[in-house]
Amino acid sequence: MTGPGTDPFRILDLRGVALDASAVAPAADHVASGGILVYPTETVYGLGAAVTPEGVAALRAGKGRDAAKPFLALIRSAADAASLLWTAAARELADVFWPGAVTLVLADPSGMFPEGVRSPDGTVAVRVSPHPVVRALLDRLGGPLLSTSANAPGGPPARSGHEAATVARGLGGAAKILVIDGGTLPASAPSTIVDCTGPVPVIVRQGSVPTERLRCVLPEIHARTTD
C-alpha cells in the first residue's frame with residue numbers, strides 16, 4: 001500500500017492482483033473502521049462507506065452531498081436486501097440483469113436501512129455489481145456498501161486510479177480515505193435506475209443497460225417523463 005506523503009489518503013494498488021478476501025482486507029478494515037473508500041465498479045469509480053448512520057454521515061460530509069439525496073447500496077445478492085419489498089417485476093429484473101449495471105429502487109417498509117440510504121419516501125436503491133473488486137470486498141465485509149459516483153462537484157466520474165486519487169484529494173480534509181487503484185475502466189454510462197415500487201416499473205435514469213433490453217424482459221416498463 002502506497003501513497004504520497006502530501007496526500008490525505010492511502011492507495012491500495014490491486015492492478016494485476018489475484019482478488020480474494022486477503023487482497024481486499026485492508027480496504028474492508030478501512031470501511032469497518034469508519035473510513036471512506038474510492039473503488040472501481042463495472043461502470044465508473046465509486047465512493048463508499050459502511051451502511052450505517054455513521055457511514056452515511058462520513059460520506060455525505062466528504063462529498064458535500066445534499067441530505068435529501070440518498071446513497072445507493074451495493075449488495076452481494078438479493079438476500080442482502082431481503083427486508084425490502086420485492087415486487088414480481090423487481091425479482092425478474094434482478095434475475096436477468098444481476099450482477100450488472102441495473103439499480104433497483106424498492107420500498108423499505110420495515111426501515112431496515114438507515115436514513116440517507118432510505119430516502120424520505122421510504123425507498124432504497126440497490127445493485128449487485130459484477131466487478132471483481134466489489135465482489136471480493138462485499139464478501140470480506142459480509143454485507144452491503146454505500147455507493148455514489150466518485151467525481152468532483154459538477155465533473156465527470158473517475159475512470160482510472162489517477163482520476164480517483166484526484167477526486168480523493170478534493171474530499172473533506174478530515175475524512176479517512178483509502179483509494180483502490182483497479183486500473184483504467186472502459187468507457188461506460190452509469191447504471192440504469194428502475195423504480196420498482198409501483199404497479200408498473202419506471203426507468204428513472206437511463207444508463208448503460210438500454211430501455212430496449214429492459215423491455216425484452218418487461219414490455220410494460222416505461223421511462224419517467226420530465227414534463
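Atom CZ of R60 and atom CG of L47 lie 14.0 Å apart (nearest 0.5 Å). Atom CZ of R213 sits about 12.0 Å away from atom CD1 of I221, to the nearest 0.5 Å. In this structure, L72 CG and L146 CG are separated by 8.5 Å, a value rounded to the nearest 0.5 Å. Of the inter-residue distances, the one linking T41 atom OG1 with I180 atom CD1 reads 11.5 Å to the nearest 0.5 angstrom. To the nearest 0.5 Å, atoms CG (L84) and CG (L104) are separated by 10.0 Å. For the atom pair CG of L37 and CD1 of I177, the computed distance is 10.5 Å after rounding to the nearest 0.5 Å.
Here the side chains of F71 and L145 are not in contact, with every heavy-atom distance at 4.5 Å or above. With a 4.5 Å cut-off on side-chain heavy atoms, P70 and V117 do not count as touching. V102 places none of its side-chain heavy atoms less than 4.5 Å from the side chain of I193. Contact of the V179 side chain with the L12 side chain is not registered, since no non-hydrogen atoms from C-beta on lie closer than 4.5 Å. Proximity of V51 to P114: side-chain heavy atoms (C-beta onward) are separated by under 4.5 Å at one or more points. With contacts defined as side-chain heavy-atom distances shorter than 4.5 Å, the pair W98/L93 does not qualify. For the pair E92/L218, a side-chain contact is recorded, criterion being any heavy-atom separation below 4.5 Å from C-beta on.
Formation of a donor-acceptor pair under 3.5 Å by the D80 side chain with backbone atoms of G143 is not found in this model. Under the 3.5 Å distance criterion, the side-chain polar atoms of R215 are left unmatched by any main-chain donor or acceptor of E220. No side-chain donor-acceptor contact under 3.5 Å links R118 to the backbone of M112. In this structure, the side chain of S77 engages the main chain of A79 through a donor-acceptor pair within 3.5 Å. With hydrogens and angles disregarded, a donor-acceptor distance shorter than 3.5 Å links the side chain of E163 to the backbone of R159. When atom types are taken as modelled, the side chain of T192 and the backbone of V209 share a donor-acceptor pair closer than 3.5 angstrom. When atom types are taken as modelled, the side chain of W86 and the backbone of A81 share a donor-acceptor pair closer than 3.5 angstrom. Of the possible polar contacts, one joining the R76 side chain to the G142 backbone as a donor-acceptor pair under 3.5 Å is found.
In this model, a donor atom of one side chain and an acceptor atom of the other lie less than 3.5 Å apart for T211 and Q206. For the residue pair R205/S191, the side-chain donor-acceptor check at 3.5 Å is satisfied. A donor-acceptor contact under 3.5 angstrom links the side chains of Y39 and S147, judged on distance only.
A salt bridge links E42 to R127: at least one charged side-chain nitrogen sits closer than 4.0 Å to a carboxylate oxygen.
The side-chain contact (heavy atoms from CB on, under 4.5 Å) with D195 is formed by just one residue from the set T123, L106, V105; it is V105.
With a 4.5 Å cut-off between side-chain heavy atoms of Ile, Leu, Val, Met, Phe, Trp and Tyr, the cluster of V200 takes in none.
Residue G207 comes nearest to A189 through the heavy atom pair C-CB, 3.9 Å, listed as atom of the first residue, atom of the second, then distance. For the residue pair P130 and R135, the shortest heavy atom distance occurs at O-CD, 3.6 Å. When all heavy atoms of A158 and A164 are compared, the closest pair comes out as CB-N, 3.6 Å.
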Name the atoms and distances for all side-chain donor-acceptor pairs under 3.5 Å in residues 14-31, with sequence neighbours left out.
| from | atom 1 | to | atom 2 | distance (Å) |
| --- | --- | --- | --- | --- |
| R15 | NE | D13 | OD1 | 2.9 |
| R15 | NE | D13 | OD2 | 3.3 |
| R15 | NH2 | D13 | OD2 | 2.6 |
| D20 | OD1 | S22 | N | 3.2 |
| D20 | OD1 | S22 | OG | 2.7 |
| D20 | OD1 | A23 | N | 2.9 |
| H30 | ND1 | R10 | NH2 | 3.2 |
| H30 | NE2 | I36 | N | 3.4 |
| H30 | NE2 | I36 | O | 2.9 |
| H30 | NE2 | K176 | O | 3.1 |
| H30 | NE2 | L178 | N | 3.3 |

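By the 6.0 Å contact criterion, NE2 on H162 is open, its count of non-hydrogen atoms from other residues, nucleotides or ligands being 12 or less.
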